[in-house]
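Note: hydrogens, waters and symmetry copies are ignored here, and every other heavy atom, side chains too, is used. Residues: numbered from 1 along the sequence shown.
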Amino acid sequence: MVDMRMFRDEVSGWAGGGSGGPVGDLAVRLGVRTAVLLEGPSDLAAVETLAERRGRDLAAEGVCVVQMGGAMSVARYAGLLGPTGLGLRLAGLCDAGEQGFFERGLTRARAPRRGIFVCVADLEDELIRALGTPRVEEVVETEGDLRAWQTFVRQPAQHGRSRQQQLRRFLGTKKGRKIRYGRLLVEALDLDEVPAPLDDLLASL
């Protein structure tokens with residue numbers, strides 16, 4: 001069965017140096033019109049979770065959400081998928097510190113930059129600020145990570161850091177945790193609390 005996940009996998013293989021042979025045919029068969037470029041899998045989890053909560057079926061709408069494995073890959077993905085490649089409309093979400101990679105990559109691909117939305121630090125920081133640290137800690141406790149969190153904040157390196165900084169760092173200390181919490185923190189939000197970059201991205205699709 002041909003689905004958007006198959007298309008996404010083929011795109012990743014193509015960006016990694018594969019032939020990309022079936023990608024164009026799959027795009028036509030699936031009616032893909034937009035590619036959303038994201039830095040990593042935690043961003044993808046957050047975007048897909050918010051779409052589900054808002055009753056959106058992005059795949060059925062012809063939207064493919066792609067995680068690139070880092071902002072330095074944006075020129076490659078934009079070139080393959082944008083005006084100089086498959087001709088898809090491009091959108092995306094990036095950290096403020098990586099905005100330059102997106103701007104240069106889109107310029108090289110001759111793609112408009114207006115569909116890129118920028119997080120102040122990163123998406124985790126945006127979600128923590130939107131929820132507030134007490135509610136994030138409630139999610140951590142509910143998920144069975146309270147003991148790990150309490151051990152983490154006692155480490156000397158965390159002394160003097162704000163609770164928000166500590167939580168942001170905690171989410172990145174174990175493989176897979178950022179991805180899991182990318183989904184969980186979006187699920188914990190009231191829909192009128194969604195951080196502007198994430199909300200505006202989904203609204204633009």
Side-chain angles (χ1 to χ4, degrees), residues 4-5 7-20 23-24 27 32-51 58 62-130 164-165 167-169 171-173 175-183 185-186 194-205:
M4 196 64 77
R5 186 180 299 272
F7 176 74
R8 186 161 61 198
D9 290 344
E10 290 291 342
V11 167
S12 296
W14 190 21
S19 67
V23 174
V32 183
R33 59 176 179 83
T34 300
V36 181
L37 306 181
L38 303 174
E39 294 185 44
S42 61
D43 300 325
L44 186 148
V47 170
E48 291 191 331
T49 300
L50 180 60
L58 295 182
V63 177
C64 180
V65 185
V66 179
Q67 69 91 8
M68 304 178 293
M72 288 185 289
S73 298
V74 68
R76 176 70 172 158
Y77 277 86
L80 295 175
L81 299 174
T84 59
L86 292 183
L88 304 179
R89 172 180 172 249
L90 300 180
L93 189 72
C94 70
D95 304 345
E98 312 297 348
Q99 187 174 358
F101 288 112
F102 272 73
E103 291 180 348
R104 289 190 294 273
L106 292 172
T107 297
R108 285 177 55 186
R110 303 175 194 168
R113 291 181 290 179
R114 62 180 177 271
I116 304 301
F117 300 88
V118 182
C119 298
V120 171
D122 56 24
L123 184 54
E124 287 74 30
D125 179 69
E126 294 274 1
L127 292 170
I128 292 166
R129 283 191 289 111
Q164 182 173 329
Q165 291 170 326
L167 281 164
R168 183 180 169 218
R169 182 70 187 94
L171 297 185
T173 56
K175 184 176 181 181
R177 184 178 282 157
K178 279 182 70 172
I179 302 171
R180 183 159 57 97
Y181 278 89
R183 174 178 55 81
L185 296 185
V186 172
V194 178
L198 180 59
D199 205 30
D200 291 345
L201 170 65
L202 190 64
S204 76
L205 302 176

Closest heavy-atom contact between [X] and [Y]?
| X | Y | value |
| --- | --- | --- |
| Ala71 | Phe101 | O-CB, 3.6 Å |
| Met4 | Cys64 | SD-CB, 3.6 Å |
| Leu198 | Leu93 | N-CD1, 4.2 Å |
| Val74 | Gly105 | CG1-CA, 4.2 Å |
| Glu39 | Cys94 | OE2-CA, 3.3 Å |
| Ala111 | Pro83 | CB-CD, 3.8 Å |

Legend entry - Beyond-backbone contact of Pro197 with Leu123, side-chain heavy atoms, under 4.5 angstrom: no
Inset, instruction - Give a yes or no answer on whether the side chain of Arg76 reaches the backbone of Gly16 with a donor-acceptor pair at less than 3.5 Å. - result: no
Which value, rounded to the nearest 0.5 Å, describes the distance between [X] atom [atom1] and [Y] atom [atom2]?
| X | Y | atom1 | atom2 | answer |
| --- | --- | --- | --- | --- |
| Leu201 | Leu50 | CG | CG | 9.0 Å |
| Met72 | Arg104 | CE | CZ | 11.0 Å |
| Ile116 | Leu106 | CD1 | CG | 5.0 Å |
| Arg168 | Asp122 | CZ | CG | 4.0 Å |
| Arg177 | Ser42 | CZ | OG | 13.5 Å |
| Leu90 | Phe102 | CG | CZ | 10.0 Å |

Legend entry - salt bridge (charged side-chain N to carboxylate O under 4.0 Å, His left out) partners for Glu98, two or more places apart: none
Legend entry - Counterpart residues, salt bridge (charged side-chain N to carboxylate O under 4.0 Å, His left out), relative to Arg8 (two or more places apart): Glu48
Inset, instruction - Kindly indicate, with the supporting measurements, whether the criterion side-chain contact (heavy atoms from CB on, under 4.5 Å) is fulfilled by Val120 and Glu126. - result: CA-CA 7 Å; Val120 171; Glu126 294 274 1; 3.5 Å; yes
Inset, instruction - List in chain and number order the residues that pass side chain to side chain donor-acceptor pair (under 3.5 Å) with Asp199, two or more places apart in sequence or in another chain; answer none if no residue qualifies. - result: Arg54
Inset, instruction - With Arg89 as reference, evaluate Leu81, Val63, Thr34 under the side-chain contact (heavy atoms from CB on, under 4.5 Å) test and give the passing residue. - result: Thr34
Inset, instruction - Inspect the contact between Arg129 and Asp125 and indicate whether a charged nitrogen and a carboxylate oxygen are less than 4.0 angstrom apart. - result: yes
Inset, instruction - Kindly determine whether Val36 and Leu44 satisfy side-chain contact (heavy atoms from CB on, under 4.5 Å), including the steps that lead there. - result: CA-CA 9 Å; Val36 181; Leu44 186 148; over 6 Å; no
Legend entry - Val11/Leu80 under side-chain contact (heavy atoms from CB on, under 4.5 Å): CA gap, chis, key distance, verdict: CA-CA 8 Å; Val11 167; Leu80 295 175; 5.9 Å; no
Legend entry - Verdict with reasoning, Leu86 to Val32, per side-chain contact (heavy atoms from CB on, under 4.5 Å): CA-CA 10 Å; Leu86 292 183; Val32 183; over 6 Å; no
Inset, instruction - Assess whether atom CZ of Arg5 is packed by more than 12 heavy atoms of other residues, nucleotides or ligands within 6.0 Å. - result: no
